[in-house]
Protein chains: 2
Amino acid sequence: MDLSNDEVDRIFRALADATRRDIVRRTLTEEASISDLAHRYDMSFAAVQKHITVLEGAGLVTKHRKGRERRIRGNPEALRTAQTLLNAYERIWQGRIDRLDAVLADN
Amino acid sequence: MDLSNDEVDRIFRALADATRRDIVRRTLTEEASISDLAHRYDMSFAAVQKHITVLEGAGLVTKHRKGRERRIRGNPEALRTAQTLLNAYERIWQGRIDRLDAVLADN
DNA sequence: TTGATATACAACCATTTGGTTTCATATTAG
DNA sequence: CTAATATGAAACCAAATGGTTGTATATCAA
């Protein structure tokens with residue numbers, strides 16, 4: 001795994017917004033174009049586009065071109081990264097480990 | 001569990017900062033005063049105090065008075081809340097559930 | 001070819017965030 | 001009592017965030 005603090009920051013930051021969590025949820029089961037998604041929220045196309053950029057930067061979704069569309073797909077890998085992190089904190093609390101080296105890189 | 005979006009926002013937001021994650025990590029195994037913690041980071045006492053306020057607002061740590069000190073203790077309960085959330089997304093991806101009602105409140 | 005649709009991107013704005021310094025107050029130690 | 005320590009809280013600041021509108025470009029449909 002081997003994560004930098006910045007990567008972890010980006011993942012949790014991206015998850016700290018209800019619209020973005022909803023985009024992840026939807027695209028985990030079914031990919032969607034940006035306009036598909038933009039229809040669903042009460043904000044501009046550009047705002048949704050920005051949310052998707054944040055999610056992409058955190059690795060929580062991927063984009064791929066499909067004609068004139070960009071299809072967005074949720075990436076369960078990044079979610080598992082966050083889960084692993086939280087599990088590590090849980091193990092710290094249980095006293096079974098005292099460091100995060102197994103998960104975090106040294107940079 | 002029954003969480004509002006705002007509560008979830010606050011938890012993930014609080015976790016999206018390396019200093020705050022470190023405070024949680026330390027105080028999960030051993031409580032500490034604010035000055036104890038402030039010593040450890042290269043920033044002002046007030047800055048650390050603010051990070052602790054953010055963590056407390058998210059329920060990730062609790063404060064309790066001990067003489068002139070305030071002891072900070074990590075709260076594994078809030079961590080488990082985040083874990084539960086992420087597990088729900090995992091189950092969505094696996095097609096085993098398609099909603100988050102079990103975890104999220106309707107407000 | 002032309003018009004409609006899908007996306008990208010820039011400029012702008014208000015609010016929030018993460019830091020600072022400073023001052024006030026409470027508590028403990030001598 | 002007095003000095004030192006621990007905390008709280010305000011005022012301030014730069015940068016980031018989350019939204020907007022407007023414009024440009026690419027692709028599809030008729």
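Values in this document were obtained by computation on a predicted structure and should not be read as measured data. Convention: sequence-line order gives letters A, B, ...; per-chain numbering from 1.
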If you check every side-chain atom of B:Ala46, which of C:dC9, D:dA9, D:dG19 has the closest atom? D:dA9
Round to the nearest Å and state the distance from B:Asp9 atom CG to D:dT17 atom C1'. 13 Å
I want to check something: taking the side chain as every heavy atom from C-beta on, are B:Leu3 and B:Leu85 in contact at a cut-off of under 4.5 Å? yes
Derivation of the side-chain contact (heavy atoms from CB on, under 4.5 Å) call for A:Leu86 and B:Leu15: CA-CA 10 Å; A:Leu86 293 180; B:Leu15 289 171; 3.9 Å; yes
Any side-chain heavy atom of A:Thr19 sitting closer than 4.5 Å to one from A:Met43? yes
Is any side-chain heavy atom of A:Arg21 closer than 4.5 Å to one of A:Arg25? no
In whole angstrom, give the distance that lies between atom CZ of B:Arg71 and atom P of D:dG8. 13 Å
Please state how far atom CG in B:Leu55 lies from atom P in C:dG18, giving the value in whole angstrom units. 10 Å
When rounded to the nearest 0.5 angstrom, what is the spacing between CG in B:Asp22 and OG1 in B:Thr27? 9.5 Å
OP1 or OP2 of D:dT20 less than 4.0 angstrom from a side-chain nitrogen or oxygen of A:Ser44, does that happen here? yes
List every contact pair, protein side and nucleotides 13-17 of chain C side both N or O, where the distance is under 3.5 Å.
residue, atom, partner, partner atom, Å
C:dT17, O3', B:Arg13, NH2, 3.3

Please state how far atom CZ in B:Phe45 lies from atom C1' in C:dG18, giving the value in whole angstrom units. 16 Å
If I take atom CG in residue A:Leu37 and atom P in nucleotide C:dA8, what distance separates them, rounded to the nearest angstrom? 12 Å
Is there any protein nitrogen or oxygen under 3.5 Å from a nitrogen or oxygen in nucleotides 25-30 of chain D, and what are the pairs?
residue, atom, partner, partner atom, Å
D:dT27, O2, A:Arg68, NH1, 3.4

Below 4.5 Å, heavy atoms only, C-beta onward: do B:Asn75 and B:Leu79 meet side chain to side chain? no
Answer yes or no: does a side-chain N or O of A:Ser33 lie under 4.0 Å from OP1 or OP2 of C:dA6? no
Run the salt bridge (Lys or Arg N to Asp or Glu O under 4.0 Å) test on A:Glu77 and A:Arg80 for me, step by step, so that the C-alpha distance in whole Å, both residues' side-chain angles and the decisive distance to 0.1 Å come before the verdict. CA-CA 5 Å; A:Glu77 210 36 57; A:Arg80 271 192 283 272; 3.3 Å; yes
Whole-Å distance, B:Glu56 CD to D:dT7 C1', equals 13 Å
Option from A:Glu31, A:Arg71, A:Arg70 for which side chain to side chain donor-acceptor pair (under 3.5 Å) with A:His64 holds: A:Glu31
Counting just side-chain N and O atoms, does B:Gln49 come under 4.0 Å of either OP1 or OP2 of D:dT7? no
D:dG18 C1' sits how many Å from A:Tyr41 OH, rounded? 16 Å
d(CD1, B:Ile34; P, D:dT7) in whole Å: 5 Å
A:Arg70 side chain, from C-beta outward: closest of C:dC9, C:dT7, D:dT7: C:dT7
Closest-nucleotide 5' rank along DNA chain D - winner of B:Lys50 and A:Asp17: B:Lys50
Common cluster, B:Val54/B:Val48, ILVMFWY with side-chain heavy-atom separation under 4.5 Å: no
